[in-house]
Novice: 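Can you keep this structure in mind? I'll have questions shortly.
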Amino acid sequence: MAAKSKSETRLYLVDGSGYLFRAYFAMARSREGLTRQSDGLPVGAVLGFSNMLNKLLTDMQDEHDPTHLAVIFDYSGKTFRNEIYPDYKGNRPDAPEDLIPQFPLVRKATRAFNVPCIETEGFEADDIIATYARNVEADGGEVVIISSDKDLMQLVSDKVSMFDPMKNKKIGREEVIEKFGLGPEHVVDIQSLAGDSSDNVPGVPGVGIKTAAQLIEEYGDLETLLSRAEEIKQNKRRENLIEFAEQARISKKLVELRTDVPLEFAVDELKMRSIDLDLLLPFLEEMEFTKLIDRVKREVGMADLDARSGPPPAPDGDIAYETVFSEPALKAWIARAHERGVIAVDTETDSLNAMRANLVGVSLSTRAGEGCYIPLGHGAEGLALDDEDTGKQIPLDKALKILKPMLEDESILKIGQNLKYDALVLSRYGINIAPFDDTMLMSYALDCGKGGHGMDELAKRHLDYETIKFSDVAGTGKKAKTFDQIAIKEAAKYAAEDADITFRLWEILKPRLAAEGKTTVYETLERPLAPVIVAMEREGVKIDKAVLARLSSDFAQRMAAAEAEAHKLAGEDFNLGSPKQISDILFGKLGLPGGKKTAKGAWSTKADVLEQLAAEGHDLPQVLLDWRGLSKLKSTYTDSLPGEINPETGRVHTSYAMASTTTGRLASTDPNLQNIPIRTEDGRKIRTAFIHEKGSVLVSADYSQIELRLVAHIADLKSMKQAFADGVDIHALTASEMFDVPVEGMDPMIRRRAKAINFGIIYGISAFGLANQLGISRSEAKDYIDAYFKKFPGIRQYMDDTIASAKAEGFVETIFGRRTYVGGINDKNPAMRGYSERQAINAPIQGAAADVIRRAMIRMPAALKKAHLNAKMLLQVHDELIFECPKDEADKTCAVVSEIMVGAPAPAVTLSVPLIVDARAGNNWDEAH
DNA sequence: GCGATCACG
DNA sequence: GACGTACGTGATCGCA
């Protein structure tokens, strides 16, 4: 490869307006001062902009080597695009009031940083950027556009690339293809078809980016496509392409960037100039950016002296992290935390169970590429760890005494990955970590549905880095070590890397929250819930071992009887727990007709198959069903729950996963307390084992029909909303509407069918599914669904709209703004697509219900405290909250809890249906529910 | 380690 | 009209 000539131009163009807006929204939501100290002038965005510009300039010293640089701004006023299409950007809200005075200030800031500042009347920044880019490209130079705006992606070529300053990520041809499905040369055509709601580019109705890419790939370009639109197979799409052809052509004029803008500066005039403190410092002082002044002085001063300035080394598993063995060394890290105001924290323990875990070490990082590990409990418990470092560890209590003030310091932001775990462990050592950010929760708010949110996965996704795996240092299987048994040298590499990676992820994810409009979701549904769950998990729930023991032996006896009976009926002994052996007996030896097959092709023996056989008069299937029911209850609940009792607290502490579902629900593990039986009589007995301390009671409060109520609201189902407002039986009302029968004296079977349909709606109904559920024919099920759509036309509309937007955008959102990406919705496999479509329909409903109860949970501790109640929130089961409270506070607790739950959507959302909560106290969970 | 099954909302 | 599903989870078991 030939060496590049140094004389070649490398022009860096910063999208100043884009930068400014991102700075504003990033600052507006942070806790930092938004106004100038002396007179209250709003300068938050200017500070953010200046910080980013400074960061960009200093980063460039190593990561980039521009020869030329300029910041480009939009001209404030009408542009030529408004003459083509008066509504262009017409739906843009006015700029926030406190941003307006900052427009001139950022231009001043740019000049203060000694960077050319360019804008041209009648054109947008993008057109100026395009003109410079094409000019430089034509002369054989290179261009890097500092922006993540997709409207600029059409410019990407082998000489022109983009760089996303928030994500620190290059955008080249590959990334453009990722975004648009095709290369940069097709971007204009794709955007012309798909339109853009934020710029109010009309495009063609019903065509999103995915469809547009598909069409352009097939037909080559927009004009060819439009001229051959008759060939399109899909009726609606063909009609739209024909009817809206002119609209697509107009869209193209709006989308296509001009490359003939008269240039105020020649490229040569954009040559890099170094920072001029005489220019910069007066401006920063005028703005009263004291911290930035210090940083700039430090950076400029250190640049020549300190070879380590500039960006940190890329993570390569080879960074020399510090292992902290002395109190002065630890105090130096605390000082660094105070200086920087932000620190990534990770704890290492000897167990994944936060309620049983002992602290083994703590790792810290205050900037990318740096990190330390403070070993505290290696080789404890008299383990003969052959490691000279073991004796050098700082004693645990001394280290915690030094760490505690920093971890609790209001002015130092602690960053964690799944910080709930660390917070719970630390809380058991008397440390309440705050304030904090959690990269896992940020990822969940931003990228739900795109994959997991564990650190290894995030490091791969955002940093393209393979972390050291826990199993690499600890081993797997029976020989797996706990962290305290790992040599400190090995442990330190793993642990310090975790803190470093966490810090890097935070730098990427935090700005994305504001840029992608997910700050509210993160700040109102995710972050504040973590401490609430920590308290719940730590509280735990009391279990009556004796009740479970009695149930276990009762179940065991009845299982033995069933087993004997089954062997007798089968004429041979076999393992009732083996689906394979059951299948051999039933469908082989006894010659019964097999119903369904499993995914792998074997005959299914699941409950509904056995029930069918039992209904046909066969005895063995019923015995197997009885045995299975008992076996499930015994092995999953009555046998194992006693082993989950924590020896220190005498209670059971579940763990709630905050970022594992695609809908916003929590998930409960170790043990799962969200699937305690209730539907059968035997099963419900298990709930009597969930009890309270003496002098207390359990209170259970659950939302009635919350998902259906949310459907009625979201899809604007008038008659259903009325029914909820009137407090009538919703399933009977549905049946009455659908089948045109009076509610009075209704056949229970009719009501049952309506109920099944109401549930089906929530799941993204299909004729097949409904037929299966009700045991009716598919065509009959289809008639029901059609009748439903006719009576509740809003539901059809909701489903169509939701699927259409999911196909176009790739995601769906709840009424609270929680987003879930739905993959496979444009898949060519109809089964896959159908599945994704049902997901798209269900997620905003299930997710909104999850959002509502999260809001209630977040407000609950303060509400109880304000009412002088001592109730403790113990459990959450999706639409139900369980509390333990003093007996004489039961009534008041029920009232307060209900009030908070009912009012949870407000003020963010005003529901057009009432929410109903049933709250009751009892001596055990069964009684309270 | 994975599929089948079944507990919950 | 294809394809094979009701949505979202976690724990346990048998079996490779």
Side-chain angles (χ1 to χ4, degrees), chain A residues 233-234 449 476-477 574-583 596-610 624-625 628-641 644 654-657 660-680 682-684 686-687 702-708 711 756-774 778 781 785 820 822 827-847 849-850 853 875-880 929:
Chain A
K233 291 188 205 88
Q234 297 89 339
T476 53
F574 66 101
N575 182 352
L576 277 73
S578 164
K580 187 171 178 291
Q581 293 182 34
I582 290 178
S583 164
K596 302 173 198 170
K597 15 154 189 98
T598 66
K600 260 190 87 192
W603 289 115
S604 171
T605 67
K606 63 174 186 224
D608 53 352
V609 173
L610 297 184
L624 293 174
L625 283 168
R628 264 199 194 155
L630 294 166
S631 167
K632 178 80 176 183
L633 297 179
K634 184 168 182 291
S635 68
T636 310
Y637 304 104
T638 59
D639 282 356
S640 55
L641 274 177
E644 300 285 356
T654 184
S655 172
Y656 289 101
S660 80
T661 72
T662 53
T663 55
R665 273 191 178 180
L666 302 178
S668 160
T669 60
D670 308 307
N672 182 354
L673 295 184
Q674 289 182 321
N675 70 346
I676 301 302
I678 190 169
R679 291 171 188 172
T680 66
D682 277 331
R684 213 163 49 235
I686 292 166
R687 295 198 167 212
D702 68 299
Y703 285 108
S704 161
Q705 303 284 3
I706 186 168
E707 291 191 352
L708 204 52
V711 169
I757 297 172
N758 277 333
F759 271 99
I761 294 298
I762 292 165
Y763 297 149
I765 201 157
S766 72
F768 191 98
L770 182 63
N772 212 29
Q773 182 66 30
L774 285 176
R778 211 163 137 182
I785 294 169
T820 294
V822 184
D827 199 287
K828 58 181 184 296
N829 177 344
M832 176 71 169
R833 211 169 52 235
Y835 175 58
S836 298
E837 288 173 359
R838 291 193 297 275
Q839 272 187 318
I841 290 165
N842 173 260
I845 303 166
Q846 191 183 111
I853 200 164
L875 302 173
Q876 188 250 43
V877 193
H878 309 310
D879 64 357
E880 176 188 14
H929 185 78

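Computed from a predicted structure; not experimentally measured. Just the heavy atoms: all of them, side chains too, but no hydrogens, waters or symmetry mates, feed the values below. Just so it is clear: chains get the letters A, B, ... in the order the sequence lines come, proteins before strands, and each one is counted from 1.
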Novice: Determine yes or no for a side-chain-to-main-chain donor-acceptor pair under 3.5 angstrom, with A/Tyr656 supplying the side chain and A/Gln876 the backbone.
Specialist: yes
Novice: Provide, to the nearest angstrom, the distance between the NZ atom belonging to A/Lys632 and the C1' atom belonging to C/dG10.
Specialist: 9 Å
Novice: Describe the nucleic acid contact of A/Ala756 in one word from base, sugar-phosphate, nothing, applying a heavy-atom distance below 4.0 Å.
Specialist: base
Novice: Atom CG of A/Asn842 and atom P of C/dT5: how far apart are they, to the nearest Å?
Specialist: 17 Å
Novice: To the nearest angstrom, how far is A/His878 atom NE2 from C/dG8 atom P?
Specialist: 13 Å
Novice: What contact category does A/Arg778 fall into here, base, sugar-phosphate, or nothing, at under 4.0 angstrom with non-hydrogen atoms?
Specialist: base
Novice: Categorize A/Arg833 for me: base, sugar-phosphate, or nothing, with a 4.0 angstrom heavy-atom threshold over every strand shown.
Specialist: base
Novice: Tell me whether the OP1 or OP2 atom of C/dC7 has a side-chain N or O from A/Thr663 closer than 4.0 Å.
Specialist: no
Novice: Applying a 4.0 Å non-hydrogen cut-off, can you work out what A/Gln846 is touching in the nucleic acid: base, sugar-phosphate, or nothing?
Specialist: base
Novice: Whole-Å distance between C/dC13 C1' and A/Gln581 CD?
Specialist: 12 Å
Novice: Ignoring hydrogens and angles, are the base of C/dT5 and the side chain of A/Ser766 linked by a donor-acceptor pair under 3.5 Å?
Specialist: yes
Novice: Regarding A/Asp670, tell me which of base, sugar-phosphate or nothing describes its non-hydrogen contacts under 4.0 Å with the strands shown.
Specialist: sugar-phosphate
Novice: When the C1' atoms of B/dC8 and C/dG4 are compared, how many Å lie between them, rounded to an integer?
Specialist: 25 Å
Novice: Report which part of the nucleic acid A/Ala607 touches: base, sugar-phosphate, or nothing (heavy-atom distance under 4.0 Å, all strands).
Specialist: sugar-phosphate
Novice: Look at all strands and tell whether A/Gly760 reaches a base, only sugar-phosphate, or nothing, counting heavy atoms closer than 4.0 Å.
Specialist: base
Novice: Give a yes/no answer on whether the side chain of A/Asn575 brings an N or O atom under 4.0 Å of OP1 or OP2 in C/dG14.
Specialist: yes
Novice: Measure from CG on A/Leu774 to P on C/dA6 and round the result to the nearest Å.
Specialist: 14 Å
Novice: Given the P atoms of C/dA2 and B/dA7, what is the spacing between them in whole Å?
Specialist: 35 Å
Novice: Examine C/dT9: is either OP1 or OP2 under 4.0 Å from a nitrogen or oxygen in the side chain of A/Thr669? Give yes or no.
Specialist: no
Novice: Students should find this one: the first and last nucleotides of DNA chain B, 5' to 3', lying under 4.0 Å from a heavy atom of chain A. What are they?
Specialist: B/dA4 to B/dG9
Novice: Can you tell me which stems DNA chain C forms when a stem means 3 or more consecutive Watson-Crick or G-U pairs under 3.5 Å?
Specialist: B:1-9 with C:7-15
Novice: For A/Ile678 and C/dT9, what is the distance between atoms CD1 and C1' respectively, to the nearest whole Å?
Specialist: 17 Å
Novice: Please answer whether the main-chain N or O of A/Thr662 pairs with a side-chain N or O of A/Thr820 as donor and acceptor at a distance below 3.5 Å.
Specialist: yes
Novice: Would you say A/Thr598's side chain and A/Trp603's backbone share a donor-acceptor pair under 3.5 angstrom?
Specialist: no
Novice: Is the distance from OP1 or OP2 of C/dC13 to the nearest side-chain N or O of A/Ser578 less than 4.0 Å?
Specialist: no
Novice: With heavy atoms under 4.0 Å as the rule, sort A/Tyr637 into base, sugar-phosphate or nothing.
Specialist: sugar-phosphate
Novice: Phosphate oxygens OP1/OP2 of C/dA6: is one of them under 4.0 Å from a side-chain N or O of A/Arg838?
Specialist: no
Novice: Looking at C/dT9, does its base get a donor-acceptor pair with the side chain of A/Arg665 below 3.5 Å?
Specialist: no
Novice: NA contact type, A/Ser604, heavy-atom cut-off 4.0 Å: base, sugar-phosphate, or nothing?
Specialist: sugar-phosphate
Novice: How would you label the contact of A/Asn829 with the nucleic acid (heavy atoms, under 4.0 Å): base, sugar-phosphate, or nothing?
Specialist: nothing
Novice: Does A/Phe768 reach a base, just sugar-phosphate, or nothing at all? Heavy atoms under 4.0 Å.
Specialist: base
Novice: Please give the distance between the P atoms of B/dA4 and C/dT5 as a whole number of Å.
Specialist: 11 Å
Novice: Identify whether any heavy atom of A/Ile845 sits under 4.0 Å from a base atom; if not, whether one sits that close to sugar-phosphate; answer base, sugar-phosphate or nothing.
Specialist: nothing
Novice: CD1 of A/Ile676 versus P of C/dG10: gap in Å, rounded?
Specialist: 14 Å
Novice: Expressed as a whole number of angstroms, how long is the span from A/Glu837:CD to C/dG4:C1'?
Specialist: 13 Å
